[in-house]
Every structure is written in C-alpha cells, then in structure tokens.
Amino acid sequence: MKTLIKNPWIVTMNENYDIIRNGYVYVEDAEIKEVGKDDVRAAQLEMVVDEVVEAGNMILMPGIVNSHTHMFQTFIRGLADDKHLFPWLSEEVWPFSALMTEDDIYYAALIGSLENLKTGATGCLDQDYVNTSLGNGDKVFKAMMDSGIRGNLCRTFGNYETYFENLRENDERILEDIKRLHSEWNGKADGRLSLSAGAINSWAVTPDLFRKSKQLTKDLGLKFQVHTSEDEDVVTKTAAMFDGLRNVELFDKFGILDEDTSLAHAIWLDDNELDILERTGAQVVHCPVANCYLADGIARIPEMRKRGIPVALGTDGPGSNNSQEMLGTLKFTACLHKVNTMDSQVFSNREILEMATHGGAKAIGMEDSLGVIAPGYKADMILVDYKKPHISPVHKADSALVYNANGGDVDTVFVNGEIVVRGGKSTKIDEAALYEECQQRIEFIKSRM
C-alpha cells in the first residue's frame with residue numbers, strides 16, 4: 001500500500017525539530033519513505049500511490065504513546081470520584097475488577113484502545129493487573145489487535161500477603177503466564193503487539209519475585225514497569241516493611257533498575273532516589289492528570305529532565321483520570337509544572353512533545369523506529385484538524401498541539417501505515433454497538449457488588 005499525505009503542517013520531531021508547512025509524507029506499507037516540501041515531487045508521487053490523503057487543514061505529528069494506563073478501568077471511570085489512592089483501590093477498583101469476566105476485559109480493552117486512538121495515541125502500554133483468569137491477557141491482546149492500535153500488554157502481578165486476595169497470584173502462575181503470552185502474542189499483528197511485565201507496586205510483591213520476574217524480562221528481551229511512590233502512604237508503607245528503604249532505594253537493592261525499567265508516577269522521590277535513577281538509566285512515566293485527581297502530589301519532572309532521566313507521559317487508568325486523552329495531557333503537563341515551579345519557561349513545546357513521542361517510544365522499546373516523522377520510521381502518525389475556533393488562527397503548529405488541540409480534534413490516525421481512524425471514526429470497530437455493549441456490561445457488574 002502506497003499513501004501520500006499531501007499539504008500537512010508537519011511537526012517532524014526529528015533531531016533538528018524541523019516543522020514543515022504544506023509539506024508531504026510518502027508511506028509504503030508500514031514505513032515512512034519520504035518527507036519534504038517539493039510540489040513537483042509530490043505531484044509525481046500522487047500519480048503512483050494507492051491513496052492520497054489531503055491534509056491542507058491539518059497538523060501532522062508522530063503518534064503519541066500512552067506509556068501507562070489500565071484499560072480495564074474504562075469500566076470504572078466515574079465510579080469513585082473524590083477519594084485518595086488506597087480507599088479508591090480497596091473500596092472500588094479491586095472489588096469491581098475482581099467481578100470482571102474475560103469478555104468484560106475484552107470489551108473494556110477494546111473501548112480503551114479506541115479511546116486512545118481517537119484522542120491522539122497510536123500506541124499504549126496497558127498495565128493489566130486483573131488476572132483472575134489466565135485468559136484475560138489474551139483478551140487484551142485480541143482487543144488491541146482488533147482495534148488497530150500498537151499495543152504493549154504489561155502483564156502485571158502481585159503475590160505478597162499484603163495484596164488484595166482476589167487479585168493475588170503465586171510465583172509459578174505468574175512466571176509461566178509471562179512466558180506463554182510472550183510465545184503466543186509478542187510481535188504478532190505485523191509487529192503491532194508486544195509484551196512487557198511488571199510488579200504492581202513496591203509492597204505487594206516479594207523480593208524474590210521482583211528478582212525472578214526482572215530476570216525473566218531480561219531473558220526474553222522485554223520491558224519492565226512498576227508503580228513507584230505514587231503517594232506518601234506508599235512510601236511510608238514500603239519503609240515500614242523494608243527496613244526504612246524508600247521505593248527507588250528498594251528497587252536498586254533488588255537490582256531491577258536499568259534502561260529497560262520504567263517507573264510509573266515516581267512522585268515522592270528524594271534527591272538520593274534521583275541520583276539512583278540518573279545512575280541506572282531507568283525511565284519515569286509521568287501521569288499528571290491522575291496524580292491531581294487522586295491528590296497524590298506532583299512529580300519532580302523538571303529536575304529529572306535536567307539530570308537526563310528519561311521521561312514519558314501517560315494518563316494512568318481511566319478510573320483515575322477519567323479519560324485517556326493524551327493530547328489534553330500535553331497542556332496539563334506544561335501548565336502544572338509552570339505553576340508548581342512558578343517558571344513560565346520550565347518546559348518548551350518541544351520538550352513536552354518529546355516526552356509524549358520519543359519518551360513513549362522508549363517506554364515500549366521502539367525508540368529507534370517510532371516517535372519521528374522521517375524516512376525509515378514506522379508510519380504511526382496523527383492528523384489534527386486545526387481549522388477549529390479554539391485552535392485557529394495558528395502562528396506555530398507545535399504550540400497549537402500543546403496548548404490548543406484536544407482529543408476531539410484528531411481527524412486521521414495511521415498505525416503501521418494503515419488508516420485506523422478516518423474523519424474521527426474508527427475504520428475497524430462498530431462504535432455505536434461497542435458503546436451499548438459496554439454500558440450493559442458495567443451495569444450488570446455494578447448490580448453484583
């Protein structure tokens with residue numbers, strides 16, 4: 001399949017941060033082949049391609065990767081507003097999720113994948129810790145496959161006696177399931193699907209399983225992700241269990257920190273913990289909307305960036321956001337840190353977009369093939385319609401993306417070169433039927449609580 005995207009305003013996110021007005025992008029199958037501004041060459045390509053996408057009113061950018069979410073929580077959004085982290089989990093999220101069937105997991109992941117695609121994310125890392133059935137991971141992968149998203153399932157687990165009993169698993173079950181999912185799903189759907197693994201948090205996984213699971217991900221070449229210092233109670237609880245160690249200190253002792261490990265949230269870190277992250281190369285996934293929703297705190301992202309600690313962006317689960325809108329997360333990230341530091345120049349547009357694109361690509365292990373619109377990169381891109389009253393007129397395309405656009409402005413989405421959203425509608429899913437199915441399912445689950 002040969003596709004020409006004609007006349008977009010291109011935010012390439014390449015090394016030079018080139019922004020091209022009225023350019024073109026030529027795609028063959030899953031790969032970007034040409035990017036430029038040459039009317040003669042564009043006219044030549046127009047004669048030989050299978051499809052021309054006219055994008056004169058659009059900004060084209062690399063697809064965002066939602067680097068930390070829990071898509072089963074699409075079924076929980078709005079269920080438990082105005083609670084702190086642990087009551088929110090123990091009173092609502094854990095009991096509800098324990099009642100979800102394999103088919104519930106599928107539909108929750110399907111609507112979650114659709115939401116990501118329609119609001120700016122061409123890829124996501126779904127940290128799925130609801131493994132009441134060993135078929136749940138397969139259902140998430142199937143939903144990702146059916147939706148067209150580039151999906152990374154982070155097979156997540158807890159085994160310690162402190163963890164919610166209905167979600168607790170034993171070591172053998174966990175490790176064997178990671179191996180099975182890797183064998184059956186990793187690299188499927190033309191490379192769109194991938195597996196990672198991760199501990200649910202610092203206090204619900206035994207030291208031995210931390211070490212064994214991390215070693216398994218190394219053996220299989222997978223990424224590893226863990227919730228880290230999400231609120232002050234997590235820090236206090238961990239220190240009480242592990243001789244006063246803070247979260248990152250504990251993970252360093254276990255030997256799980258390296259360039260293939262990402263830490264979701266990482267809010268309550270002290271200077272020594274930042275030193276450890278800088279030394280080990282571990283990545284942080286910043287989820288600013290969810291952190292504000294649960295009143296968790298504000299992560300030290302500007303300091304991390306100055307130290308060279310890699311940072312990606314995520315929404316966290318829709319139960320604590322209550323959406324997965326990544327385009328809106330850009331503005332929220334910028335404004336949160338401006339007011340927190342009282343520095344209006346704390347982040348440039350480029351830095352915000354780098355966390356969303358380059359950082360996201362790294363979080364799923366694809367930093368060499370995603371996050372840039374350039375020849376040789378995968379054709380994961382979004383077209384954002386800027387002919388809207390809240391965006392137009394536009395002085396700078398990157399500013400419009402960070403501070404004006406929202407998920408409703410996403411017009412066209414390419415994943416692996418395939419158009420999976422066109423005119424704001426999925427090309428893969430009967431959306432109306434999906435919404436009705438999901439509504440019926442959440443009402444039935446709620447009636448059983």
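The first residue of the sequence shown is numbered 1, and numbering continues consecutively from there.
- Tested against Arg300, the residues Asn340, Asp271, Asp270 include a single side-chain hydrogen bond (donor to acceptor under 3.5 Å, both in side chains) partner, Asp271.
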Which is it for Leu250 and Glu273 under the side-chain contact (heavy atoms from CB on, under 4.5 Å) test, yes or no, and what are the steps along the way?
-> CA-CA 10 Å; Leu250 183 69; Glu273 290 177 289; over 6 Å; no
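- By the 4.5 Å heavy-atom criterion applied to side chains, Met13 and Leu353 are counted as neighbours.
- A donor-acceptor pair shorter than 3.5 Å cannot be found between the side chains of Tyr163 and Glu161.
- No donor-acceptor contact under 3.5 angstrom links the side chains of Asp126 and His70, judged on distance only.
- The side-chain hydrogen bond (donor to acceptor under 3.5 Å, both in side chains) pairs that include a residue from residues 409-425 are Glu51-Arg422, Arg150-Asn416, Lys388-Asp409, His390-Asp409, Glu418-Lys428, where partners are two or more places apart or lie in different chains.
- Relative ring orientation between Phe157 and Phe224 is described as perpendicular, the plane-to-plane angle rising above 60° on a 0-90° scale split at 30° and 60°.
- A salt bridge does not link Arg180 to Glu176: none of the charged nitrogens lies less than 4.0 Å from a carboxylate oxygen.
- Between Thr12 and Asn14, the side chains place a donor N or O and an acceptor N or O closer than 3.5 Å (distance only, hydrogens not considered).
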Checking side-chain contact (heavy atoms from CB on, under 4.5 Å) for the pair Phe75/Ile105: CA distance, chi angles, key distance, verdict?
-> CA-CA 9 Å; Phe75 274 27; Ile105 294 292; over 6 Å; no
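- There is no side-chain donor-acceptor pair under 3.5 Å between Thr280 and Asp258.
- Side-chain polar atoms of Asn116 and Ser113 form no donor-acceptor pair below 3.5 angstrom.
- Partners of Asn247 under the side-chain hydrogen bond (donor to acceptor under 3.5 Å, both in side chains) rule, at least two apart in sequence or in another chain, are Ser202, Ser229, Thr238.
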Are Ser133 and Asn131 close enough, and set up right, to give a side-chain contact (heavy atoms from CB on, under 4.5 Å), and what steps lead you there?
-> CA-CA 5 Å; Ser133 166; Asn131 293 291; over 6 Å; no
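- Counted by atom type alone, Asn406 and Glu325 present zero donor-acceptor pairs between their side chains at under 3.5 Å.
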